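See below for the structure under consideration.
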Amino acid sequence: MPTVVCVGCGAEVSDVSGPVHAYMCSSPGCWQLYGEVTAQNLAQAELRLALDCYAAQHPGGAEHELRQRQSVAVHLTSLCLHIEERLPAAQLMTRLNRMSRTVLPLLGASAWPYLPPPERMGDMTVADVRSVAPEQRAACLGDWAEAVWRSWSAQHETVRGWARLALKGR
Ligand SMILES: [Zn+2]
């Protein structure tokens with residue numbers, strides 16, 4: 001099977017034709033891998049973490065697409081709350097669901113600002129998570145999250161500010 005480099009995360013993926021997400025910008029083979037990962041028997045917190053990572057690694061088009069800009073911002077903030085604040089999974093899910101309603105008024109903004117993405121998306125991708133045995137998956141997801149968060153280091157201060165605002169909401 002010929003492969004291509006995913007336009008989003010840079011993973012080497014099967015060169016297939018097929019559907020992609022409406023705004024998360026990936027190659028079809030990569031979106032297929034994400035579908036395979038999330039079709040496994042993942043806990044809700046693992047599904048959320050996988051989505052946080054995937055959204056943050058496929059930020060293309062966010063300059064022009066409001067939903068994509070929001071997706072990148074919200075999922076990066078979620079990664080920050082997970083990695084740096086160690087927010088418990090249930091609390092994180094609640095904050096995530098209402099993040100725009102909590103943070104944007106405190107920012108005095110009607111939409112999420114655009115974050116220029118890093119040139120390299122980190123050393124791990126959804127392809128790594130797809131290839132591990134089920135008993136290693138949780139650790140692999142954790143490593144993926146760390147790698148994605150590190151790759152966005154130029155935006156950490158901005159995102160930490162959003163994370164602090166997200167924690168202010170009741
Ligand atoms: Zn990808």
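Numbering of ligands and ligand atoms starts at 1, following listing order. Please read these numbers as outputs of a predicted model, since none were measured by experiment.
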**Asked** Donor-acceptor pair, Arg69 side chain versus Glu63 backbone, under 3.5 Å?
**Response** yes
Compile the donor-acceptor pairs under 3.5 Å between side chains in residues 15-22 and protein atoms, sequence neighbours left out, one pair per line.
| from | atom 1 | to | atom 2 | distance (Å) |
| --- | --- | --- | --- | --- |
| His21 | ND1 | Tyr23 | N | 3.1 |
| His21 | ND1 | Met24 | N | 2.9 |

**Prompt:** Under a single-linkage rule joining Ile, Leu, Val, Met, Phe, Trp and Tyr whose side-chain heavy atoms are separated by less than 4.5 Å, which residues share a cluster with Leu66?
**Reply:** none
**Contact summary for Gly8 and His58, nearest pair of heavy atoms** = CA-CD2, 3.6 Å
Please tabulate, for the side chains in residues 26-34, all donor-acceptor contacts under 3.5 angstrom to protein atoms that are two or more places apart in sequence or on a different chain.
| from | atom 1 | to | atom 2 | distance (Å) |
| --- | --- | --- | --- | --- |
| Ser26 | OG | Tyr54 | OH | 3.3 |
| Ser27 | OG | Val7 | N | 3.1 |

**Prompt:** If two hydrophobic side chains count as joined below 4.5 Å and joins carry through other members, does Leu42 share a cluster with Val132?
**Reply:** no
**Request:** Anything protein N/O/S under 2.8 Å from the Zn ion (ligand 1)? Just list residue and atom, please.
**Result:** Cys6 SG, Cys9 SG, Cys30 SG, His58 NE2
